Number of protein chains: 2
Amino acid sequence: MTTAAQGLHSHVLATLGLAITAGEHPPGTVLRTDELAQTFDVSRTVVREVVRVLESMHLVESRRRVGVTVLPTESWNVYDPQVIRWRLAGADRPRQLRSLTVLRSAVEPVAAGLAAVHATPDQCRELTERALGMVATSRGRQLEAYLVHDIAFHRVVLNASGNEMFARLGDVVAEVLTGRTHHHVMFEDPDPAAVTLHVQVAEAVRERDAARAEALTREIAVGALKELDVLAP
Amino acid sequence: MTTAAQGLHSHVLATLGLAITAGEHPPGTVLRTDELAQTFDVSRTVVREVVRVLESMHLVESRRRVGVTVLPTESWNVYDPQVIRWRLAGADRPRQLRSLTVLRSAVEPVAAGLAAVHATPDQCRELTERALGMVATSRGRQLEAYLVHDIAFHRVVLNASGNEMFARLGDVVAEVLTGRTHHHVMFEDPDPAAVTLHVQVAEAVRERDAARAEALTREIAVGALKELDVLAP
DNA sequence: GTGACATAAAAGTAGTACTTTTAATTCCCG
DNA sequence: CGGGAATTAAAAGTACTACTTTTATGTCAC
């Protein structure tokens with residue numbers, strides 16, 4: 001059971017998409033639609049719709065008289081949430097987590113700076129609440145509860161930035177944080193220093209101190225990068 | 001001629017996608033597949049494939065007994081290059097340019113810093129060449145030639161960062177730079193200060209000075225933001 | 001060997017028939 | 001009169017079949 005699916009389309013899409021992003025069917029592989037139809041025991045219609053979607057993600061290319069060719073990784077729409085999810089579920093999850101964390105480290109500080117300028121009172125309040133929630137759940141193996149607050153916190157910052165491109169990264173950040181928690185640290189409580197930094201970011205945003213919000217968030221980012229050994233020691 | 005298209009599918013997709021992102025069919029609008037088939041004078045098969053693609057971009061949602069509903073802007077996959085292109089071609093092009101420029105301002109400095117660490121000798125060389133090309137074409141209304149170098153320069157930086165998420169933003173940056181040139185400055189030569197900064201970035205990368213490459217690129221970004229009045233005066 | 005030509009393989013398109021889901025309406029009972 | 005269960009019908013989902021179009025590849029003449 002890789003992915004639940006009501007509807008044949010969803011099922012085939014999930015299976016095939018995952019297979020391709022996981023590296024079965026490596027780039028260059030040629031698939032034929034009626035062969036796929038047979039494999040999945042669905043009609044060609046369904047397969048064609050799936051192929052069209054995969055094509056729009058630039059995972060494959062469909063050419064007449066040739067078939068459906070798997071494209072090289074460089075062409076993939078790596079920002080497509082679906083593709084990200086598939087890759088996080090597959091083999092090169094570590095690599096994926098790394099590159100997404102680097103992206104976060106670039107985006108979130110700037111987003112925090114903008115949030116300090118644009119955040120509504122409501123957003124300021126939720127930010128503070130979430131930071132306090134993180135503090136409250138930061139000790140004693142309450143990792144799941146902590147994660148919820150952490151995700152919400154970062155999502156609010158991204159939304160409050162007022163930039164739609166940033167806002168749409170909320171899901172990505174959620175995936176990264178979830179992946180991190182559920183993967184390699186799972187046991188130990190979160191770093192107290194990081195928790196403090198979140199509280200201070202909330203403070204800075206509330207006080208409209210953009211430079212400080214940005215700098216503090218950059219520190220959080222550095223911490224996240226270190227955790228994944230992306231940084232030189 | 002909105003978009004060239006060999007193949008009915010591409011044509012319908014381009015037309016409908018553009019229409020939706022442009023704000024005709026505002027969010028909440030319900031379209032029916034056979035109605036669309038009639039409108040475009042194609043078979044329901046073609047329409048369904050198009051709808052499936054639009055659905056994967058989260059522009060629409062298709063529900064039984066209801067029809068194809070246009071989703072609110074917040075759900076759109078704004079990182080999908082296709083969506084970006086449609087929106088840049090449509091009505092809220094200015095807004096789109098603004099948010100993309102903010103994204104650039106966050107990503108490119110970090111990318112430049114990483115490039116200083118990871119760039120191959122080849123990439124360093126091309127970077128220098130492109131910077132010099134910019135200098136050479138920066139005076140005397142050679143805007144098109146300048147643009148080519150400018151795009152290539154930024155693309156190399158993003159690629160050299162070694163991060164695939166950054167690398168994939170090359171097209172976005174290209175669109176933004178093109179839009180900027182072809183839009184509101186078209187007449188006057190590029191800012192000499194910006195040109196110099198590019199040369200210095202190439203230098204910093206070549207000398208493996210990550211901090212300097214990042215700082216300089218940040219200055220370029222500030223310039224781009226100012227140009228669009230994103231920054232407070 | 002090279003270029004024109006023929007062939008066939010695979011995707012693209014169309015149309016139709018049927019199934020499934022589900023919003024909305026109806027209708028019965030309290 | 002009101003609310004909930006049963007019915008209905010509208011629209012998408014699926015399947016299948018027939019046909020068209022493109023084009024890689026192999027063939028043949030020169």
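In this text the structure is predicted, and so the values were computed from the model without any measurement. Lettering follows sequence order; numbering is per chain, from 1.
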Of A/Arg65 and A/Thr45, whose closest DNA chain C nucleotide lies nearer the 5' terminus?
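That would be A/Arg65.
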
A/Val68 vs B/Asp41, nearer the 5' end of DNA chain C by closest nucleotide:
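With A/Val68 and B/Asp41 compared, the 5'-side residue is A/Val68.
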
Can you tell me if [X] uses its side chain to pair, donor with acceptor, with the backbone of [Y] under 3.5 Å?
| X | Y | result |
| --- | --- | --- |
| B/Asn163 | A/Ser99 | yes |
| B/His118 | B/Gly162 | no |
| A/Glu55 | A/Ser62 | yes |
| B/Tyr79 | A/Met165 | yes |

Should B/Thr69 and B/Val60 count as side-chain neighbours, where that means a heavy-atom distance under 4.5 Å?
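With C-beta onward as the side chain, the pair stays apart.
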
Which whole-number value in Å describes the distance from [X] [atom1] to [N] [atom2]?
| X | N | atom1 | atom2 | value |
| --- | --- | --- | --- | --- |
| B/His9 | C/dG12 | NE2 | C1' | 11 Å |
| B/Glu49 | C/dA14 | CD | P | 10 Å |
| B/Gln38 | C/dG15 | CD | P | 12 Å |
| A/Arg44 | D/dC16 | CZ | C1' | 10 Å |
| B/Glu35 | D/dA12 | CD | C1' | 14 Å |
| A/Glu61 | C/dA10 | CD | P | 17 Å |
| A/Arg32 | C/dA8 | CZ | P | 18 Å |
| B/Arg48 | C/dG15 | CZ | P | 16 Å |

Look at all strands and tell whether [X] reaches a base, only sugar-phosphate, or nothing, counting heavy atoms closer than 4.0 Å.
| X | answer |
| --- | --- |
| A/Ser62 | sugar-phosphate |
| B/Val51 | nothing |
| B/Arg63 | sugar-phosphate |

Is the distance from OP1 or OP2 of [N] to the nearest side-chain N or O of [X] less than 4.0 Å?
| X | N | answer |
| --- | --- | --- |
| B/Ser43 | C/dG15 | no |
| B/Arg64 | D/dA10 | no |
| B/Arg52 | D/dG13 | yes |

